[in-house]
Undergrad: 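Attaching a single structure in structure tokens format; questions to follow.
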Amino acid sequence: MDNLKSIDRKIKKQEKIVRLQAEMNRDKLQYGQGERHELARLEAERELIISGVDWVYDEPGTVLINKKYIYALRSGRWRVKGKNKWYWSKNLTHFIKNYVI
């Protein structure tokens with residue numbers, strides 16, 4: 001539960017940063033979406049915590065689930081560890097339900 005509370009605090013903080021960034025850049029035609037992407041990653045981490053599967057950080061933006069699957073948090077792409085073929089998933093819960101469990 002401590003992890004869940006911690007990630008919720010991080011998400012609230014990141015949402016505030018995203019709103020501030022959108023306000024600062026409202027008159028610009030192009031600007032970076034890094035803060036919004038970080039928010040998507042944090043929300044995916046929250047789903048992982050709630051699901052209860054075994055996972056660890058692998059590379060920046062990816063996690064290793066059950067020591068077998070590498071999952072990209074923002075894009076929803078996944079692959080088997082040691083293989084090079086990437087697959088698309090609908091979302092994280094669909095991936096966990098159909099492949100991990």
Undergrad: Assess the residue pair Glu15 and Arg19 against the criterion (side chain to side chain contact (heavy atoms under 4.5 Å, CB included)); give the C-alpha distance rounded to whole Å, side-chain angles, the decisive distance to 0.1 Å, and a yes or no.
TA: CA-CA 6 Å; Glu15 285 173 344; Arg19 282 194 304 270; 4.0 Å; yes
Undergrad: Which is it for Glu45 and Tyr57 under the side chain to side chain contact (heavy atoms under 4.5 Å, CB included) test, yes or no, and what are the steps along the way?
TA: CA-CA 10 Å; Glu45 282 183 39; Tyr57 293 105; 2.6 Å; yes
Undergrad: Partners of Lys28 by side chain to side chain donor-acceptor pair (under 3.5 Å), sequence neighbours excluded?
TA: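 Counting only residues at least two positions away or on another chain, Lys28 forms a side chain to side chain donor-acceptor pair (under 3.5 Å) with Asn25.
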Undergrad: Answer with yes or no whether the hydrophobic clustering places Phe95 together with Val53; edges join I, L, V, M, F, W, Y residues whose side-chain heavy atoms lie under 4.5 Å apart.
TA: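 Yes: a chain of side-chain contacts under 4.5 Å links Phe95 to Val53.
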Undergrad: Let me see the working for Trp55 and Ile49 under side chain to side chain contact (heavy atoms under 4.5 Å, CB included), right down to the final yes or no.
TA: CA-CA 9 Å; Trp55 64 278; Ile49 292 170; 3.9 Å; yes
Undergrad: Quick check for you: to the nearest 0.5 Å, what is the distance between Ile17 atom CD1 and Lys10 atom NZ?
TA: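 Going from CD1 on Ile17 over to NZ on Lys10, the span is 12.0 Å.
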Undergrad: Looking at CD of Gln14 and CZ of Arg41, how far apart are the two atoms once the value is rounded to the nearest 0.5 Å?
TA: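 Going from the CD atom of Gln14 to the CZ atom of Arg41 covers 9.5 Å.
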Undergrad: Are Val56 and Leu42 linked, directly or through intermediate hydrophobic residues, by side-chain heavy-atom contacts shorter than 4.5 Å (ILVMFWY only)?
TA: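 No; Val56 is not reachable from Leu42 via cluster members.
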Undergrad: Answer yes if Leu20 and Val18 sit in the same cluster of Ile, Leu, Val, Met, Phe, Trp and Tyr residues linked by side chain heavy atoms under 4.5 Å apart, and no otherwise.
TA: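 Different clusters: Leu20 never reaches Val18 through Ile, Leu, Val, Met, Phe, Trp or Tyr contacts under 4.5 Å.
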Undergrad: Grab the two heavy atoms, one from Ala40 and one from Arg74, that are nearest each other, plus how far apart they are.
TA: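 Here Ala40 and Arg74 meet closest at CB-CG, 4.1 Å.
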Undergrad: Filter on side chain to side chain donor-acceptor pair (under 3.5 Å), then keep only pairs touching residues 82-101, sequence neighbours left out; what's left?
TA: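 Output for this query lists Tyr71-Ser89, Asn91-Thr93, His94-Asn98.
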Undergrad: Around Arg79, counting heavy atoms of other residues, nucleotides and ligands shown, do more than 12 lie under 6.0 Å from its CZ?
TA: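 Yes - once you tally the heavy atoms of other residues, nucleotides and ligands closer than 6.0 Å, there are more than 12.
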Undergrad: Grab the two heavy atoms, one from Asp8 and one from Arg46, that are nearest each other, plus how far apart they are.
TA: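 Shortest heavy-atom contact: OD1-NE, 2.5 Å.
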Undergrad: To the nearest 0.5 Å, what is the distance between CG on Asp54 and CD1 on Ile65?
TA: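 Between Asp54 CG and Ile65 CD1, I get 9.5 Å after rounding to 0.5 Å.
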Undergrad: Compare every heavy atom of Ala44 with every heavy atom of Leu92, then report the nearest pair and how far apart it is.
TA: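 Shortest heavy-atom separation between Leu92 and Ala44 comes out as CD2-O, 3.3 Å.
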Undergrad: Just so I know, are the side chains of Lys68 and Lys81 near enough to count as touching, which here means a heavy-atom distance under 4.5 Å?
TA: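 No, every pair of side-chain atoms sits at 4.5 Å or beyond.
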Undergrad: Should Leu39 and Glu35 count as side-chain neighbours, where that means a heavy-atom distance under 4.5 Å?
TA: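 They are not in side-chain contact.
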Undergrad: Between Tyr69 and Val80, is the side chain to side chain contact (heavy atoms under 4.5 Å, CB included) condition met? List the steps.
TA: CA-CA 5 Å; Tyr69 301 104; Val80 177; 4.2 Å; yes
Undergrad: Considering non-hydrogen atoms only, spot the tightest contact between Gln21 and Gly32 and give its length.
TA: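 In this case the closest contact between Gln21 and Gly32 is NE2-O, 3.1 Å.
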Undergrad: Which heavy-atom pair separates Leu64 from Asp58 by the least distance, and what is that distance?
TA: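 Taking every non-hydrogen atom into account, N-CB, 4.0 Å.
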